[in-house]
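Inspection log for the structure reproduced underneath, given as structure tokens.
Here the structure is a predicted model, which means the values were calculated and not measured. Excluded from the calculations below are hydrogen atoms, water molecules and symmetry mates; all remaining heavy atoms, backbone and side chain alike, are included. Proteins get letters first, then strands, A, B, ... in listed order; numbering begins at 1 in each.
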Protein chains: 4
Amino acid sequence: MPKIVDEQMREATRQRIMRQAASEFARLGFDQANINAIAEQAGIGKGTIYLYFENKRDLFLEMLRSIAQVQLTVIRAALAQEGTLRQRLERLFRAFAHLAEEESDNFNVYMSALYGVNRAFQAEATKLLRDYVAVIGLMLEQSQTRGEIHSHNIEATALMVLSLTESYILSAKVLGQSELVIVQQAGPVAELILRGIGTSVS
Amino acid sequence: MPKIVDEQMREATRQRIMRQAASEFARLGFDQANINAIAEQAGIGKGTIYLYFENKRDLFLEMLRSIAQVQLTVIRAALAQEGTLRQRLERLFRAFAHLAEEESDNFNVYMSALYGVNRAFQAEATKLLRDYVAVIGLMLEQSQTRGEIHSHNIEATALMVLSLTESYILSAKVLGQSELVIVQQAGPVAELILRGIGTSVS
Amino acid sequence: MPKIVDEQMREATRQRIMRQAASEFARLGFDQANINAIAEQAGIGKGTIYLYFENKRDLFLEMLRSIAQVQLTVIRAALAQEGTLRQRLERLFRAFAHLAEEESDNFNVYMSALYGVNRAFQAEATKLLRDYVAVIGLMLEQSQTRGEIHSHNIEATALMVLSLTESYILSAKVLGQSELVIVQQAGPVAELILRGIGTSVS
Amino acid sequence: MPKIVDEQMREATRQRIMRQAASEFARLGFDQANINAIAEQAGIGKGTIYLYFENKRDLFLEMLRSIAQVQLTVIRAALAQEGTLRQRLERLFRAFAHLAEEESDNFNVYMSALYGVNRAFQAEATKLLRDYVAVIGLMLEQSQTRGEIHSHNIEATALMVLSLTESYILSAKVLGQSELVIVQQAGPVAELILRGIGTSVS
DNA sequence: CATGAATGAGGGTTCATTCAT
DNA sequence: CATGAATGAACCCTCATTCAT
């Protein structure tokens with residue numbers, strides 16, 4: 001009964017395809033990405049991809065969801081309860097900076113789906129954005145319970161936190177800054193957010 | 001000597017093509033956009049586009065530059081010397097919000113080029129990003145001269161200002177918020193930035 | 001104003017494509033037929049076919065209709081009023097035999113659509129069959145008016161005339177008989193039909 | 001020595017595959033038919049088919065031969081010596097009508113191979129056609145011996161009998177007539193044939 | 001200059017066939 | 001013997017680009 005092993009094999013292949021797909025999609029975008037090239041890089045035949053995914057679009061969406069899961073896990077860990085709000089914000093910033101560096105393919109694909117113009121994926125990307133905002137919102141509510149902040153519009157605040165963190169790192173990367181340089185901005189950005197949401201953002 | 005009139009005609013056609021191209025590119029993305037459809041919408045023959053632009057890629061880049069010029073002009077106006085830093089930041093935010101609403105095609109195309117994954121356009125997009133940061137940096141230096149702020153790293157601060165402003169609006173739009181709701185955040189966001197860069201961002 | 005010439009050119013190309021398509025479809029069947037090969041044989045580029053026909057299926061149907069028009073014209077001419085019923089039946093037989101020989105591609109394609117199993121074309125093929133039966137039925141009615149025959153069920157009789165004529169020639173061709181040999185059966189077959197429908201077929 | 005049982009099992013599986021193949025081929029034609037679907041319907045694995053048949057083409061041909069055997073058996077029974085020529089012709093017609101109704105899959109596949117355009121199967125189909133003509137020819141010779149008819153060209157006459165019978169039923173089916181309606185034409189068609197071949201077909 | 005008919009490279013997808021288990 | 005996961009050849013169709021008019 002090699003069922004379990006086969007199942008593991010299958011899942012491993014699935015992951016390998018998605019990893020190579022992320023690389024290809026990140027480099028070329030959805031349309032220019034070549035299924036054949038993805039298959040070659042994954043070390044499998046062209047037709048084999050269709051044993052794991054319905055079609056190119058399905059592969060992209062599954063990959064996107066997989067990426068989002070990983071990123072959400074990392075973010076949740078960064079926002080874990082220990083520490084002050086400032087510490088949690090700094091951890092969030094560094095977590096994003098790390099994702100952008102270590103899993104830059106995934107980071108780019110996710111950003112592209114979110115802010116790119118390919119409407120075919122906007123619905124899914126929006127769902128993922130909501131998840132991110134929700135996780136940050138949860139943390140902010142805890143902080144409010146603790147009396148660390150006082151906000152009337154948690155969602156708007158959460159969006160602001162996410163936007164600033166994410167976009168800062170994205171822009172910095174576009175401008176060619178290294179992870180080291182970027183990470184040094186964790187403190188200042190957290191400080192900025194803290195002061196900002198302390199009283200003003202209603 | 002109908003040279004001037006011809007020149008004007010030629011430029012008018014060029015502009016018309018780029019406008020329709022922006023609409024098509026914003027709606028479908030670079031790859032899905034159809035040269036034939038752009039030509040039709042511009043009221044010219046398919047082949048005529050190639051009398052004005054080298055190829056599809058060239059059309060996209062020229063259009064991108066044209067959009068950036070317009071946006072930079074709007075931003076420069078918003079950051080004009082009159083008023084306090086807070087007022088200028090609020091004007092910047094509202095200017096972006098307005099661009100996102102009134103010229104959503106252009107805004108989307110620009111954002112997509114910047115944060116999208118098609119590396120073919122990343123070099124150009126980066127150039128444009130530098131222009132934006134430079135304009136904001138210029139204003140920040142003026143504010144520093146006036147004593148409104150005190151920053152050791154103008155570029156990082158400028159990037160933060162741009163990131164927060166731009167990304168907030170972008171995310172809010174993705175989540176379906178109206179311009180009215182977004183514009184109401186001009187004050188809070190400016191306040192956040194002000195407090196943030198007041199002392200902490202070094 | 002080269003409009004008319006262009007129109008003629010266009011129609012000529014359309015005909016050339018359909019002729020080559022008939023050859024390819026007759027040789028290989030719908031599925032095995034290769035659009036690329038058809039284009040090559042028609043002396044045009046692969047993509048050009050799609051300027052004249054929506055898709056492969058559309059090409060096949062248009063070709064089928066075109067073939068049917070030609071065959072119907074030939075049949076109508078054969079059944080023209082001059083002569084006795086016997087003469088008209090013999091002309092019909094010879095007309096079919098000639099079509100089977102001179103335009104064997106067309107003949108085969110038409111037969112294949114009619115009696116083949118590709119349901120995608122059965123509706124259209126049935127329409128064509130009805131046309132054939134109607135034309136023969138018309139002639140039979142004339143003969144009835146003239147008192148040459150006396151039939152209670154014209155449609156059944158027409159179907160019988162068509163079946164026998166068509167199928168005899170088809171089978172004879174499958175068995176490798178030459179047109180010469182086949183045509184010699186025109187008299188006997190007509191005689192058979194005449195005797196048959198004279199009184200018995202009600 | 002389970003050899004015999006195994007052999008029986010093997011033959012049973014072979015038959016099951018061919019039966020399902022006939023259904024699939026009749027419904028979709030050779031090219032559109034799907035080996036995987038046939039395997040599923042036969043309750044075996046995809047690869048197993050290749051233990052019984054060389055390839056798709058071989059499966060089709062074997063199935064075709066199998067069908068022809070059944071049909072020939074039915075035809076031979078219909079043409080058995082008892083009864084007058086008229087009765088035998090009527091039995092032949094009814095036998096075909098019955099085959100077309102009760103074993104429509106097989107009937108359609110056979111007709112399609114015979115009159116279809118896929119030349120890959122024409123050689124085999126021709127062989128089968130010869131068998132049919134031979135069987136009918138045999139009966140005609142008996143009738144000639146009995147003095148029921150007088151024909152100089154038995155083969156042509158046999159072909160005519162087959163053509164008229166087969167093609168009438170086929171056309172009637174294409175036009176949507178029920179078996180009941182079709183069977184009622186057994187008498188008239190037999191009469192037609194009888195009169196026709198009585199003296200005229202030489 | 002303007003046009004649009006013609007082109008053909010390119011790619012997603014299917015499916016008959018193979019072969020390791 | 002039986003299986004079905006893996007393979008890759010094959011093909012329709014799109015669309016950016018060219019060029020004769």
Worksheet item: Mapping B:Thr13 and C:Leu51 to their closest nucleotides on DNA chain E, which lands nearer the 5' end?
Response: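 Its nearest nucleotide being more 5', the pick is B:Thr13.
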Worksheet item: Taking for each residue the nucleotide of DNA chain E with the nearest heavy atom, is it D:Lys56 or B:Gly45 whose nucleotide lies nearer the 5' end?
Response: B:Gly45
Worksheet item: Donor-acceptor pair, C:Lys56 side chain versus C:Asn34 backbone, under 3.5 Å?
Response: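 Checked: no pair found.
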Discussion item. Quick check against the 3.5 Å criterion: does D:Thr13 have a side-chain atom that pairs as donor or acceptor with the backbone of D:Met9?
Written reply: yes
Worksheet item: Want to settle it: does A:Gly43 or C:Gly47 sit nearer the 5' end of DNA chain F, counting the closest nucleotide to each?
Response: A:Gly43
Report the distance from atom [atom1] of [X] to atom [atom2] of [N], rounded to the nearest whole Å.
X	N	atom1	atom2	answer
C:Asp31	E:dT14	CG	P	15 Å
C:Gln32	F:dC12	CD	P	10 Å
C:Phe53	F:dT14	CZ	P	15 Å
D:Glu54	E:dA16	CD	P	16 Å
A:Arg14	F:dA5	CZ	C1'	16 Å
D:Ile49	F:dG4	CD1	P	12 Å
A:Phe25	E:dG11	CZ	C1'	13 Å
C:Asp6	E:dA5	CG	P	9 Å

Where is the tightest heavy-atom contact between [X] and [Y], given as atom of each residue plus distance?
X	Y	value
D:Arg16	D:Ala42	NE-O, 3.0 Å
D:Gln20	D:Ile38	CB-O, 4.1 Å
B:Glu62	B:Arg14	OE1-NH2, 3.0 Å

Discussion item. Would you say D:Asn55 places a side-chain N or O within less than 4.0 Å of OP1 or OP2 belonging to E:dA16?
Written reply: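 Checking E:dA16 against D:Asn55, no side-chain N or O comes under 4.0 Å of OP1 or OP2.
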Worksheet item: Does B:Arg57 place a side-chain N or O at less than 4.0 Å from the phosphate oxygens OP1/OP2 of F:dA16?
Response: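 No, outside the criterion.
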Mind checking [X] for me? I need base, sugar-phosphate or nothing, with any heavy atom below 4.0 Å counting as a touch.
X	value
C:Ile35	sugar-phosphate
A:Ala33	sugar-phosphate
C:Tyr52	sugar-phosphate

Worksheet entry | Under-3.5 Å donor-acceptor pair between A:Lys46 side chain and F:dT7 base |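 Such a pair does not exist between side chain and base.
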Fill in: Nearest-nucleotide pick for D:Asn34, side chain only, options being E:dA16, F:dC13, F:dA6
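Among E:dA16, F:dC13, F:dA6, the one nearest the side chain of D:Asn34 is E:dA16.
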Worksheet item: Can we say D:Glu40 and D:Lys46 salt-bridge, meaning some charged N sits less than 4.0 Å from an Asp/Glu carboxylate O?
Response: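 Salt bridge between D:Glu40 and D:Lys46, a charged N being under 4.0 Å from a carboxylate O: no.
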Fill in: Interatomic distance, B:Thr48 atom OG1 to B:Ile17 atom CD1 [nearest 0.5 angstrom]
7.5 Å
Worksheet item: Can you list the steps and then say if D:Phe30 with D:Phe121 is a ring pair (Phe, Tyr, Trp, His ring centres under 6.0 Å)?
Response: CA-CA 10 Å; D:Phe30 179 78; D:Phe121 307 121; 4.8 Å; yes
Item to complete: Quick one: the dot-bracket string of DNA chain F, using Watson-Crick and G-U wobble pairs with both distances under 3.5 Å, [ ] for crossing pairs and | for bases paired to another strand.
Response: .||||||||||||||||||||
